[in-house]
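Okay, so here's the structure we're looking at.
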Amino acid sequence: MELGGILTYEGSNFFRQRLILATLSGKAVRIRNIRAASEDPGLAEHEVNFIRLLDCISNGSSIEVNETGTAVLYKPGVLAGGRLDHNCSNQRGIGYFLEPLFMLAPFCKTPLNITLKGVTNNKLDPSVDMIRSSLMPVLKKFLVVDDGLSLKMLRRGLPPGGGGVVVFTCPVRRTLRPFQWEESGKIKRIRGISYTSRVAPTVANRMLDAAKGEFLKFLTDVYLTVENSKGSSPGFGLCAVAETNTGSFICAEAMSNAPGEEAETKLPEDVGREAAWGLLEEIYRGGCVDTLCQPFVLLCMALTPKDVSKIVLGPLAPYTMHFLRHLRDFFQVTFKIDEYKEKNFSFSDETPETRTGADKLLLTCIGVGYANISKGQT
């Protein structure tokens, strides 16, 4: 709701969504009752750290937090970009901070070159491997020219110790490109990485063999690499990526439990199979992008010039549904959502055996004509 010209929300859910869209739209936002009834009320450490990151990449932002930390008033400034360093909270993975940067970086005044330090892989947030495989190809589609776009992991860091180092660079653009993306294509190959930190090197091969055993039941072009690192905390995991013949990428991952976590110990074979089944589930859901990429691609569509953009997605995640509501609040953009019917396919003859995955949705919108005014004319 809007009170006194300021968009006002309750609770701690979707905290990043609200601040990202406030920054892009230039609208002030107030968030109240943040964990007000909790034993530990107010903003969590990683949320404060995220506010610091926003303040770091922008100029002129005003952030007011009350004494108990249960209310925040955020008045966005101008995205500045530049060469920066940021130490991420180890409560969350670097992916928690990297996802928003993908949404904000193209609209900075100068190209962003940021070094993030913290946990590169955890079970709560998308890993840097997954973001690199899933979000990077989509960002390239919207930027048209991807000179200077890169995401490098200099050192892997697992929880709870962290110690990972990631460098993200992104060029700036005045406008994004609208597009129609309706063909997801068929899976042509699967790639991935099996990584370990401070455990026996054979663990990576055990994960790899278990995952590959599942994939080879459906596809022959499967190639997974091994990476053994010496981080500050022990652990292991596997990230797998399926590529289609139309250039879509679908990702999934799984990893071991962190030391000290109250959960049953996972065998390497269990982690490998979990990652494989996660990827097969994403392939079944279908669509031109995976679940992780849904909010990002919808934001890009909403910000394109005033032209029609279309995309076919699998079932929408709850996080994506709330993102659509927030897009309407901040940019007055609404999407037309229709059931997608595959071309050259008669639904009257459909049987459970002939179905190609889950029901797909065709999302259509007209962009708001968003322009990066700080960059100037190109």
Side-chain angles (χ1 to χ4, degrees), residues 16 44-54 56-57 83-105 112-136 139 149-170 191-201 203-204 207-208 224-241 251-261 263 266 268 271-272 274-275 278 292-293 296:
R16 290 183 306 162
E45 180 191 322
H46 59 272
E47 290 165 341
V48 174
N49 195 278
F50 177 64
I51 291 174
R52 288 201 188 104
L53 175 62
L54 286 181
C56 184
I57 66 170
R83 187 177 290 272
L84 306 165
D85 285 282
H86 183 73
N87 291 315
C88 302
S89 165
N90 283 355
Q91 279 188 356
R92 300 297 292 259
I94 288 177
Y96 177 87
F97 305 90
L98 198 52
E99 270 186 283
L101 289 179
F102 268 76
M103 298 178 175
L104 299 173
L112 181 67
N113 183 327
I114 187 166
T115 302
L116 300 170
K117 298 173 184 175
V119 175
T120 58
N121 303 74
N122 69 359
K123 296 200 303 188
L124 201 54
D125 303 295
S127 68
V128 177
D129 305 288
M130 198 168 173
I131 289 175
R132 182 166 51 199
S133 302
S134 180
L135 296 186
M136 286 284 278
L139 184 55
L149 179 63
S150 72
L151 177 60
K152 297 175 183 173
M153 190 192 304
L154 303 184
R155 188 161 66 242
R156 192 179 294 277
L158 273 58
V165 180
V166 173
V167 178
F168 174 53
T169 59
C170 182
R191 297 291 181 264
I193 182 167
S194 176
Y195 59 86
T196 65
S197 172
R198 299 182 72 86
V199 297
V203 168
M207 281 189 295
L208 184 150
L224 306 173
T225 58
V226 169
E227 179 193 298
N228 296 306
S229 61
K230 295 180 181 178
S232 57
S233 299
F236 51 88
L238 188 142
C239 177
V241 186
C251 303
E253 63 184 352
M255 71 173 294
S256 62
N257 296 321
E261 194 175 320
K266 285 185 180 180
V271 173
E274 186 183 331
L292 168 65
C293 212
F296 176 63

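Any value given below was found using the heavy atoms of this structure, including those in side chains, with hydrogens, waters and symmetry copies removed.
- In this pair, Phe102 and Phe168 present their aromatic rings parallel. The plane angle is below 30°, not in the 30 to 60° band.
- To the nearest 0.5 Å, the span separating CZ on Arg132 from CE on Met130 amounts to 13.5 Å.
- The two residues Val271 and Gly237 make their nearest non-hydrogen contact at CG1-CA, 4.0 Å.
- Under the 3.5 Å distance criterion, the side-chain polar atoms of Ser197 are matched with a main-chain donor or acceptor of Gly231.
- Across every non-hydrogen atom of Asp85 and Cys56, the tightest pair is O-SG, 4.4 Å.
- Residue pairs meeting the side-chain hydrogen bond (donor to acceptor under 3.5 Å, both in side chains) criterion with at least one partner in residues 230-239, sequence neighbours excluded, do not occur; the list is empty.
- With hydrogens and angles ignored, the 3.5 Å screen pairs a side-chain donor or acceptor of Ser256 with a backbone N or O of Phe236.
- In this structure, the side chains of Glu227 and Ser229 come closer than 4.5 Å at one or more pairs of heavy atoms.
- The only member of Val241, Ile193, Leu238 that meets side chain to side chain contact (heavy atoms under 4.5 Å, CB included) when paired with Asp129 is Ile193.
- Between the side chain of Thr115 and the backbone N or O of Val167, no donor-acceptor pair lies under 3.5 Å.
- The CG atom of Leu112 sits 10.5 Å away from atom CZ of Arg83, with the distance rounded to the nearest 0.5 Å.
- Annotation: side chain of Leu135 is not in contact with side chain of Leu98 (no heavy-atom distance under 4.5 Å).
- The two residues Met255 and Tyr195 have their closest heavy-atom pair at CB-OH, 3.7 Å.
- Atom SG of Cys251 is separated from atom CZ of Arg191 by 13.5 Å, given to the nearest 0.5 angstrom.
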Verify side chain to side chain contact (heavy atoms under 4.5 Å, CB included) between Asn257 and Lys123, making sure each step is shown before the conclusion.
CA-CA 8 Å; Asn257 296 321; Lys123 296 200 303 188; 2.2 Å; yes
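- Under the 4.5 Å side-chain criterion, counting only non-hydrogen atoms from C-beta, Leu101 is in contact with Leu116.
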Would you please test Leu54 and Leu104 for side chain to side chain contact (heavy atoms under 4.5 Å, CB included) and show each step?
CA-CA 10 Å; Leu54 286 181; Leu104 299 173; 3.6 Å; yes
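- Under the side-chain contact (heavy atoms from CB on, under 4.5 Å) criterion, Val48 pairs with Leu43, Arg52, sequence neighbours left out.
- Counting only heavy atoms from C-beta outward, the side chains of Gln91 and Tyr96 never approach each other to under 4.5 Å.
- Ser194 places a side-chain N or O within 3.5 Å of a backbone atom of Ala204 that can act as its donor or acceptor partner.
- The shortest side-chain heavy-atom distance between Val226 and Met207 does not fall under the 4.5 Å cut-off.
- The CD1 atom of Ile114 sits 11.5 Å away from the OG1 atom of Thr169 when rounded to the nearest 0.5 Å.
- By the 4.5 Å heavy-atom criterion applied to side chains, Leu139 and Cys170 are counted as neighbours.
- Nearest approach of Ile94 to Cys88, heavy atoms of both residues: CG1-SG, 4.2 Å.
- Between the side chain of Arg92 and the backbone N or O of Asp125 there is no donor-acceptor pair closer than 3.5 Å.
- Rounded to the nearest 0.5 angstrom, Asn90 CG and Asn122 CG are separated by 9.5 Å.
- Looking at Glu253, its side chain does come within 3.5 Å of a backbone N or O of Ser127 through a donor-acceptor pair.
- Taking CZ of Arg198 as the reference point, atom CG of Leu158 lies at 11.5 Å (rounded to 0.5 Å).
- Side-chain contact, Thr196 with Asn228: a donor N or O sits under 3.5 Å from an acceptor N or O.
- Using a 4.5 Å cut-off on side-chain heavy atoms (C-beta onward), His86 and Phe50 make no contact.
- Checked by atom type and distance alone, the side chain of Asn49 pairs as donor or acceptor with a backbone atom of Asn87 at under 3.5 Å.
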